[in-house]
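These notes are about the structure you will find just below.
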Amino acid sequence: MSEQVLVCRSDELKEGAVRLCTIGEVEIGVLRHKGSCVAYRNVCPHQGGPVCEGVRMPQVEDVIDENGLFVCQRFNEDDVHIVCPWHGYEFHIDSGEHVIDPKVKLKKYDVVEREGQIYVAI
Amino acid sequence: MLKVTSNRDVANEGFNSSVHLKNAAAQGESRNYDDFMIVDVDAHHYETEAFSEIAEYIDDPVLRREAKFQGMARGGIASMDGSYQEMTGRITRYPERRGEKVPPQPHRDITLMYRWMDALRVDVACMFPTPMLNIVTCPRIEVEVALARAYNRWLCDNILESENGRLKSMLYLPFNDPAACIDIVEKFGSRKGVIGFMVVATHYRSVHDNAYMKLYAMLQERNLPLAFHAAYTWSDKQLSLTNRFMAVHALGFTWHNMLHMTNWLVNGMPERFPKLKIIWIESGLAWVPFLMQRLDNEFMMRSSDAPLLKRIPSDYMREMYYTSQPMEMVNNPKALEVTFEMINAKTQLLYSSDYPHWDMDLPSTIYDLPFLDEQAKRDILGGNAQRLFNLETTLAPGKHERRAQRGVKAAAG
Ligand code: FES
């Protein structure tokens with residue numbers, strides 16, 4: 001049975017921000033992205049970096065035309081990643097899966113927002 | 001009932017290396033790094049932040065003025081090519097480290113070095129510059145020489161001399177000027193904290209050129225290792241065909257060292273200088289088995305091309321030293337295990353972090369390898385370097401404190 005632990009007031013976590021909280025021995029990052037919240041353990045599966053403290057970057061794409069010619073690069077703002085600040089591993093913000101190898105993934109926690117408060121389910 | 005016991009708002013914290021690396025410190029605790037000495041044979045500082053101090057050490061007043069005016073960053077006195085090594089903001093310590101607060105004493109670079117070393121549980125680190133590694137590609141040789149002398153003097157006077165034995169360096173040799181290299185070994189070879197000399201691999205003069213023999217003999221006689229520190233340059237004719245940093249880095253950091261290693265062997269340098277210790281830095285490890293196989297195969301058919309060699313090339317390569325980072329370990333542990341066997345890692349491999357660069361490795365990259373026993377882990381993390389460089393046993397003050405606390409707790413029962 002999971003327990004819901006109060007993290008902070010909803011209005012304390014603005015769009016794009018992260019709140020790091022320690023519950024027991026575990027540090028968890030609660031991130032707000034496009035209005036809703038996700039929560040991950042603040043430990044990267046690569047070498048253990050504080051992944052939730054990283055920047056968010058959209059997927060980079062090479063644009064290739066119908067003849068196979070390179071045109072330019074662009075950002076895909078629909079696919080935003082959490083980037084681990086130690087070495088740059090990138091994870092889809094919604095799933096916590098590494099963008100190339102989904103087996104490499106962040107430890108995810110459920111987040112509940114009710115009555116103006118944010119809770120993490122442990 | 002579970003409760004939040006600490007709550008951090010990252011946006012308003014400001015950058016601090018100890019906080020950035022606190023997960024590394026936790027790894028150190030769970031793996032008992034306090035019980036043994038860890039030596040990091042390849043770490044860096046950002047001498048750019050002290051460049052105005054370093055520029056004062058340039059002897060030539062005209063160059064000194066130029067250096068002060070141009071600076072050392074991109075577009076600076078020695079720059080050849082731009083790059084985006086810093087991953088356009090993804091690696092947060094690059095843009096944020098400049099704002100890191102330190103006390104007025106000791107020198108900022110000492111404080112910053114200690115902070116990350118303490119987090120990684122590194123006791124002794126061999127420090128190298130960052131942008132100044134690239135002075136090797138400066139087409140004006142006198143600029144390379146002047147900057148090398150200035151940096152080495154500045155480092156010895158301000159960092160190595162004033163520090164209590166945790167910081168070392170293999171000093172930069174301006175390889176494009178063999179006579180200047182000799183002079184630098186003579187002047188700096190016995191300065192405090194100097195444990196060898198280093199050549200940046202992106203140079204365009206063969207390592208077997210007769211002009212270098214006196215240098216090698218001097219280093220051998222003084223028992224000072226010679227290290228080849230890998231690098232890349234987008235100005236290399238072949239590598240200028242690459243368009244992404246990952247490509248120029250993956251190839252460049254191995255290619256230049258492979259070239260020098262091959263020349264070193266084919267020209268019989270291990271037989272000419274049998275006691276000279278050679279270290280290959282920051283090329284990772286995967287290139288070594290490749291080159292061993294390649295050279296052994298050709299040598300058996302064309303031994304007359306390398307008549308000074310009395311054994312196959314890989315036998316000599318197994319007697320050289322390699323730093324571990326960036327260790328290629330994504331998904332093939334078997335290949336890594338074979339690599340360790342082929343290079344005789346238990347005695348020849350030296351842990352290196354390359355901190356604070358983007359592809360740095362923590363001690364856990366070695367400590368967590370399932371095919372090493374405890375002794376091999378400790379040797380690679382410190383023992384091999386301690387023997388190679390003749391280092392005194394040194395533990396960081398934090399390790400002593402934690403060990404004392406542990407002892408007190410154990411005694412209290
Ligand atoms: S620890 Fe996260 S990318 Fe390496």
Side-chain angles (χ1 to χ4, degrees), chain A residues 2-9 12-14 16-31 41-44 46-57 60 62 70 73 75 81-90 98 100-101 103-104 109 117-122, chain B residues 1-13 15-16 19-31 85-97 116 119-120 243-246 325-327 329-331 353-368:
Chain A
S2 68
E3 188 178 323
Q4 291 187 357
V5 182
L6 177 65
V7 175
C8 62
R9 289 199 323 269
E12 286 177 316
L13 189 62
K14 304 265 182 284
V18 57
R19 173 66 60 136
L20 293 170
C21 54
T22 305
I23 302 171
E25 296 282 290
V26 182
E27 188 171 57
I28 295 170
V30 185
L31 300 84
R41 186 168 180 205
N42 193 23
V43 176
C44 174
H46 177 221
Q47 289 188 32
V51 59
C52 299
E53 296 171 39
V55 297
R56 295 177 208 174
M57 294 284 273
V60 172
D62 279 350
F70 174 81
Q73 288 195 305
F75 288 115
H81 305 159
I82 309 170
V83 184
C84 179
W86 275 9
H87 310 94
Y89 270 38
E90 299 197 19
H98 185 270
I100 299 301
D101 184 351
K103 291 195 296 300
V104 178
Y109 298 89
Q117 309 275 20
I118 297 172
Y119 299 83
V120 172
I122 301 288
Chain B
M1 194 178 84
L2 288 168
K3 259 183 30 194
V4 168
T5 50
S6 87
N7 218 321
R8 294 170 53 202
D9 179 2
V10 180
N12 296 316
E13 269 182 351
F15 186 78
N16 181 293
V19 177
H20 180 64
L21 293 167
K22 70 181 174 21
N23 290 2
Q27 288 180 18
E29 233 139 87
S30 61
R31 290 162 179 80
Q85 167 146 341
E86 305 183 358
M87 293 171 73
T88 61
R90 288 174 177 84
I91 308 298
T92 53
R93 59 185 172 275
Y94 280 115
E96 292 183 18
R97 72 180 155 73
W116 71 257
L120 267 62
N243 65 335
R244 302 274 161 87
F245 182 82
M246 179 187 143
Q325 178 278 345
M327 204 161 70
M329 54 185 304
V330 171
N331 55 11
S353 72
D354 195 40
Y355 192 81
H357 295 164
W358 64 280
D359 51 351
M360 57 105 172
D361 278 342
L362 265 60
S364 58
T365 54
I366 298 294
Y367 197 84
D368 293 353

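Each chain gets a letter, A, B and so on, in the order its sequence line appears, and its residues count up from 1.
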Should A:R41 and A:E27 count as an ion pair when the cut-off is N to O under 4.0 Å?
-> no
Between CG on residue A:D62 and CZ on residue B:R244, distance to nearest 0.5 Å = 4.5 Å
Of A:V104, A:T22, A:V120, A:I28, the largest count of non-hydrogen pairs under 4.5 angstrom with chain B goes to A:T22
Which atoms of A:C52 come close to chain B, meaning under 4.5 Å heavy atom to heavy atom: side chain ones, backbone ones, both, or neither?
-> neither
Geometric class of the B:W116/B:Y355 ring pair [parallel <30°, tilted 30-60°, perpendicular >60°] | tilted
Applying a strict 4.5 Å limit to non-hydrogen atoms, the region of B:M87 in contact with chain A is side chain
Given that the side chain runs from C-beta out, which part of A:N42 has a heavy atom under 4.5 Å from chain B: side chain, backbone, both or neither?
-> both
Can you tell which part of A:Y119 gets under 4.5 Å to a heavy atom of chain B, answering side chain, backbone, both or neither?
-> neither
Heaviest contributor of heavy-atom pairs below 4.5 Å to chain B, chosen from A:E12, A:R56, A:H46, A:M57, is A:M57
Find the one option among A:P85, A:G88, A:G54, A:C44 whose heavy-atom pairs under 4.5 Å with chain B are most numerous.
-> A:P85
What option among B:V19, B:T92, B:D359 has the most heavy-atom pairs under 4.5 Å with chain A?
-> B:T92
Can you check whether B:L120 reaches B:L21 side chain to side chain, under 4.5 Å on heavy atoms?
-> yes
Checking heavy atoms, do the side chain of B:D368, its backbone, both or neither come under 4.5 Å from chain A?
-> neither
Pairwise side-chain contact, B:R90 with A:E90, heavy-atom cut-off 4.5 Å (strictly under) | yes
With no hydrogens and no angle check, is any side-chain donor or acceptor of B:E13 less than 3.5 Å from a backbone partner on B:R8?
-> no
With side chains defined as the heavy atoms from C-beta onward, is the minimum distance between A:R19 and A:V7 less than 4.5 Å?
-> yes
Do A:Q4 and B:L2 have side chains that get closer than 4.5 Å, going by heavy atoms?
-> no
Identify which part of A:E3 has an atom lying under 4.5 Å from any heavy atom of chain B, answering side chain, backbone, both or neither.
-> side chain
Name the region of B:A26, side chain, backbone, both or neither, that has any atom closer than 4.5 Å to a heavy atom of chain A.
-> neither
Side chains of A:V43 and B:N23: does their closest heavy-atom pair fall under 4.5 Å?
-> yes
Contacting moiety of A:Q73, where chain B heavy atoms sit under 4.5 Å = side chain
In terms of heavy-atom pairs under 4.5 Å with chain B, which of A:G49, A:G48, A:G24 leads?
-> A:G48
Segment of A:I23 engaging chain B (4.5 angstrom heavy-atom cut-off) | both
Engaged part of B:N7 at the chain A interface, taking heavy atoms whose separation is under 4.5 Å = both
Part of A:V60 lying under 4.5 Å from any heavy atom of chain B | side chain
Between the side chain of A:W86 and the main-chain N/O of B:M360, is any donor-acceptor distance below 3.5 Å?
-> no
Please state whether the side chain, the backbone, both or neither of B:T365 comes within less than 4.5 Å of a heavy atom of chain A.
-> side chain
Could you check whether the rings of B:W358 and B:F245 sit parallel, tilted or perpendicular, using 30° and 60° as the cut-offs?
-> perpendicular
